Amino acid sequence: MRLATHAIFTLGLVTYALTQLHTGFATAWGLAVLAAAAQYYIDAIGHSRNHGYIHRTFITHDAVIGLGTVTAPLTALPTLLLGTPLTASLLAATLSLYSHLLLDYLTGNVFVLTRRIHGHYMEYDNPGGNALFIVIGLLLMFLAR
């Protein structure tokens, strides 16, 4: 999926999940914005170039290793610097990682303990697929209370 799709889907998913835990809308929204911004971080350090082609690497696109490279920093940052509840930060960071991996699995591959798992059900720039997940993200934001 496109990076904007990752960000909007994650923003809606995290906002909805955290408001269901009664963390308060301001905390939920702040953590959701951080989780959406993390989508750029995941792609920035999780891709390599090989002969002109961009490839996903296991550094951030691994379901297990990503817990250390993505979830740990995204949990520590708001918890230590802003004083947000640990459970809320941990949930936001974990949802950020796994929502990214879900969308990447649908458009290519992800890793589990450095072993490549192929999905590739659609192209990353598929307009219908991108629109579907953007609508789901927006719907989840609308449903968040």
Side-chain angles (χ1 to χ4, degrees), residues 1-79 82 84 87-145:
M1 298 286 166
R2 294 199 173 271
L3 200 47
T5 304
H6 281 287
I8 293 168
F9 178 67
T10 300
L11 189 67
L13 182 65
V14 172
T15 303
Y16 181 78
L18 290 177
T19 56
Q20 296 307 303
L21 293 176
H22 306 292
T23 58
F25 189 77
T27 301
W29 182 251
L31 288 172
V33 169
L34 181 64
Q39 302 304 307
Y40 296 93
Y41 161 77
I42 291 170
D43 275 353
I45 69 169
H47 287 99
S48 67
R49 288 191 181 269
N50 190 8
H51 302 292
Y53 294 99
I54 298 174
H55 299 279
R56 295 177 183 125
T57 66
F58 65 86
I59 294 170
T60 59
H61 288 84
D62 189 295
V64 178
I65 296 170
L67 292 172
T69 60
V70 176
T71 303
L74 287 177
T75 301
L77 182 71
T79 301
L82 304 174
T84 60
T87 53
S89 298
L90 183 60
L91 180 61
T94 304
L95 286 174
S96 179
L97 171 66
Y98 288 119
S99 68
H100 191 98
L101 293 180
L102 169 69
L103 296 182
D104 278 0
Y105 176 75
L106 293 173
T107 60
N109 59 61
V110 295
F111 297 87
V112 176
L113 292 173
T114 70
R115 185 180 178 107
R116 189 180 309 264
I117 307 296
H118 296 280
H120 201 80
Y121 295 103
M122 66 183 82
E123 294 297 321
Y124 85 97
D125 59 350
N126 180 313
N130 280 284
L132 173 66
F133 283 98
I134 287 172
V135 168
I136 291 171
L138 293 172
L139 181 62
L140 287 170
M141 275 189 273
F142 176 74
L143 294 174
R145 298 182 203 191

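All residue numbers in this chain count up from 1 along the given sequence. Here the structure is a predicted model, which means the values were calculated and not measured.
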For [X] versus [Y], what's the shortest heavy-atom pair and its separation?
X    : Y    : answer
I134 : T5   : CD1-OG1, 3.8 Å
A36  : A7   : CB-O, 3.5 Å
G129 : N126 : N-OD1, 2.9 Å

**Request:** Verify whether one side chain among T84 and S89 offers a donor that lies under 3.5 Å from an acceptor in the other.
**Result:**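 There is such a pair between these side chains.
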Would you be so kind as to tabulate the donor-acceptor pairs closer than 3.5 Å made by side chains of residues 9-24, with sequence neighbours excluded?
unit_1 : atom_1 : unit_2 : atom_2 : d
T10    : OG1    : H6     : O      : 2.8
T10    : OG1    : Q39    : NE2    : 3.3
T10    : OG1    : S99    : OG     : 2.8
T15    : OG1    : L11    : O      : 2.7
T19    : OG1    : T15    : O      : 3.0
T19    : OG1    : Y16    : O      : 3.0
T23    : OG1    : L18    : O      : 3.0

Would you mind reporting whether [Y] and [X] have side-chain heavy atoms less than 4.5 Å apart?
X    : Y   : answer
F133 : R2  : no
Y124 : M1  : no
T71  : L90 : yes

**Request:** Could you name each residue pair satisfying ring pair (Phe, Tyr, Trp, His ring centres under 6.0 Å) that touches residues 40-59, not counting sequence neighbours?
**Result:**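 Non-adjacent pairs meeting ring pair (Phe, Tyr, Trp, His ring centres under 6.0 Å): H47-H61.
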**Prompt:** What salt bridge (Lys or Arg N to Asp or Glu O under 4.0 Å) pairs are there with at least one residue in residues 52-71, not counting sequence neighbours?
**Reply:**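 Those involving residues 52-71 are R56-D104.
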**Interatomic spacing from CG in N130 to CE in M122 - rounded to 0.5 Å** =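 Output value for this atom pair is 8.5 Å.
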**Request:** Look at the side chain of T57 and the backbone N and O of G46, then say whether any donor-acceptor pair between them is shorter than 3.5 Å.
**Result:**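 Yes, the answer is positive, given that a donor and an acceptor are paired below the 3.5 Å cut-off.
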